[in-house]
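One structure is given here, and the rest of the page talks about it.
In each ligand, atom 1 is the first atom listed, and ligand 1 is the first ligand listed. Position 1 is the first residue of the sequence; numbering continues from there.
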Amino acid sequence: MSKTNYQPKPEHKFSFGLWTLGNRGRDPFGDAVRRTMPPTEIASVLGEIGAWGVNLHDNDLVPIDATPAERDRIVREFKKACQQGGIVVPMATVNLFFHPVFRDCAFTANDPEVRAYALQKTLRAMDLGAELGAKIFVLWGGREGVETDACRRADEAVKRLREAVNYLCEYNIAQGYKYRFALEAKPNEPRGDIYMATTGHYLGFIPTLDHPEMVGVNPEVAHEQMAGLNFMHGVAQAWEAGKLFHIDLNDQAPGRYDQDLRFGSNNPKSAFWLVKFLEDVAYDGPRHFDAHAYRTEDYDGVKDFARGCMRTYLILKEKAARWNADGDIQTILKEISAAVPGTPKTGSYSAKGSAALLSHVFDKDAIMQKRLPYEKLDQLTIDILLGVR
Ligand code: DIG
Ligand code: MN
Ligand code: MN
C-alpha cells in the first residue's frame, strides 16, 4: 500500500471555479438544495482543503448590475479572503450565457447590440480578472449556437467569433494585461448545437486569428466525451501544437448531458491516461476542476467532492510513476518499437531517401511475425490501477 497521503500542495496547482463549490444543486428539474456559499467563504474553504487557486466568471463575484462602488467593495473583500486563504486567482472568465439577453448567442448573436454588449461585458471581466492577478482568460461560448440553422449561416458565426476574439486580443495588448486566452469547446447544452463543438474545431480556428500566439484552448473532459471522443488525444494534440493553455478536469458517463462529475469518478482508466500524459510532458499549467458535487450533498459533501478531485489526481499521478518505472512494461514498450536493421529511413523527404525507399523490398510475412502484446501491456496497466502491482 502506498505511504503517500495524497495531500494537495500549491505546487500541484489545483484550482476550482467559484461556481464549482458554489453550485447549489439546481438542475433543469429541481430547485437548489444547498444554501448560497459566498465567494469569500469559498476562498477560505479552498485554502482549508489545500487548493492552490480559485477561478471565476465576472458575475460569480460581482452581480451583473452592481454599482462601481459595490463592485470595488466586493473585490476588496474577495482579495482579502484569497490572501487569508493563501490562494491565487490564475484564471478569469466571463458569463455570456446566464442572462436572458444572451438567449440567442453573445459574440455570434444576430443583434449587433447583443454582440456589442457581450464585448463590453468581456472587456470589464478582463479588467476584473487582471485586478485579481489572473493571467489566463477562458472563453466558453455556451450560448454560441443554434436550435435551428435557419437563424444564421454557420460561417457568419465563425466570422463574428473571430472579430470578437481579435478585438479582445487588441484590448489585452492595449491594457498590457498579458492574458493568454483559452477557448473552451462543447458540442451542445445549453444550445441544441454549439459552434466550435470540440477542441479540434478551435485548433482549426486559432490560426485564422490576428494574434494566434495569444490564443490556445481549454479542453474539458466532459465536453469532449459528450462528443464521444478520447479526451487525452485532444489534449495531446493541443499540447503538441503549443496550445494547451488551461484544462478543465472532471468526469462524465457516455451519452449523457454534461455531468461535471468529480475527477476520475466515472472512468479512472481514461483519467489515468490523461494524468500520465500531463505528468509525462511536465504540463505546468493549472489543474482546474470544473466539476460539482452530487445534488444529494450538503456542504460537508461538497468538501468531500473537492478533496476527492485532488486526491484522485494525486493517486493517478503516483500510478503513472509506477507504470513508467515498471520493468515488464518498459521491456514491452522497447520490443514493440524496435526497428529491424536495414529498414529504410523515412523522416523528412530526400531524393536519395525516397529512391532507397522505393527500391526496398518489404517482407510482409516477416513483419507479421513481430508480436504486439497489447493485451499483456493493458493488463499490467489494469494491475497497477487496481493496486495489485
Ligand atoms: C463550462 O464547462 C465552462 C464554464 O463553467 C466556464 O466558462 C468555463 C471555465 O472553465 N467552463
Ligand atoms: Mn462542463
Ligand atoms: Mn468548463
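Closest heavy-atom contact between M126 and Y179: O-OH, 2.7 Å. The nearest pair of heavy atoms linking P219 to T199 is CB-OG1, 3.5 Å.
The distance from the Mn ion (ligand 3) to the nearest N/O/S atom of D260 is not under 2.8 Å. Among the backbone and side-chain atoms of E220, an N, O or S atom lies under 2.8 Å from the Mn ion (ligand 2). Note on D290: not counted as a metal contact of the Mn ion (ligand 2), no N/O/S atom lying under 2.8 Å.
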Exercise for review: Go through Y313 and L249 one step at a time and tell me if the side-chain contact (heavy atoms from CB on, under 4.5 Å) criterion holds.
Suggested key: CA-CA 10 Å; Y313 187 101; L249 302 174; 4.1 Å; yes
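Considering W52, W19, F16, Y283 in turn, W19 is the only one that fulfils the ring-ring contact (aromatic ring centres under 6.0 Å, His included) rule with H288.
Close contacts between ligand 1 and N218 involve ligand atoms 10 (O) [criterion: under 4.0 Å to a heavy atom]. Residue-ligand proximity, M91 to ligand 1, at heavy-atom distances under 4.0 Å covers atoms 9 (C), 10 (O). The W19 neighbourhood of ligand 1 comprises atoms 5 (O), 9 (C), 10 (O), with distances under 4.0 Å to a heavy atom of that residue. Using a 4.0 Å cut-off to heavy atoms of D248, the atoms of ligand 1 that qualify are 8 (C), 9 (C), 10 (O), 11 (N). Remark: ligand 1 atoms within the under-4.0 Å shell around heavy atoms of H223 are 1 (C), 2 (O).
With the Mn ion (ligand 2) as vertex, D258 OD2 and H223 NE2 subtend 80°, rounded to 10°. To the nearest 10 degrees, the angle centred on the Mn ion (ligand 3) between OD2 in D248 and OE2 in E184 reads 100°.
The shortest separation from a heavy atom of H246 to ligand 1 is not under 4.0 Å, leaving the residue out of contact. Heavy-atom distances between H288 and ligand 1 reach below 4.0 Å in at least one pair.
Counting only heavy atoms of the protein, atom 8 (C) of ligand 1 lies nearest to E184 OE1, 2.9 Å. Considering only non-hydrogen protein atoms, atom 7 (O) of ligand 1 sits nearest to H57 NE2, 3.0 Å. Among all protein heavy atoms, the one lying closest to atom 1 (C) of ligand 1 is D290 OD2, 3.4 Å.
A salt bridge links R389 with D328: the closest approach of a Lys/Arg side-chain nitrogen to an acidic carboxylate oxygen falls below 4.0 angstrom. Using a cutoff of 4.0 Å between basic side-chain nitrogens and carboxylate oxygens, E279 and R287 are scored as salt-bridged.
Following chains of ILVMFWY side-chain contacts shorter than 4.5 Å, one can reach I87 starting from M37, so the two form part of one hydrophobic cluster. F137 and L161 end up in the same hydrophobic cluster when Ile, Leu, Val, Met, Phe, Trp and Tyr side chains are linked at under 4.5 Å.
For the 3.5 Å distance criterion, the side chains of S354 and Y349 qualify, holding a donor opposite an acceptor.
The cationic atom of R262 (NZ for Lys, CZ for Arg) does not lie both less than 6.0 Å from the six-membered ring centre of F305 and within 45° of the ring axis.
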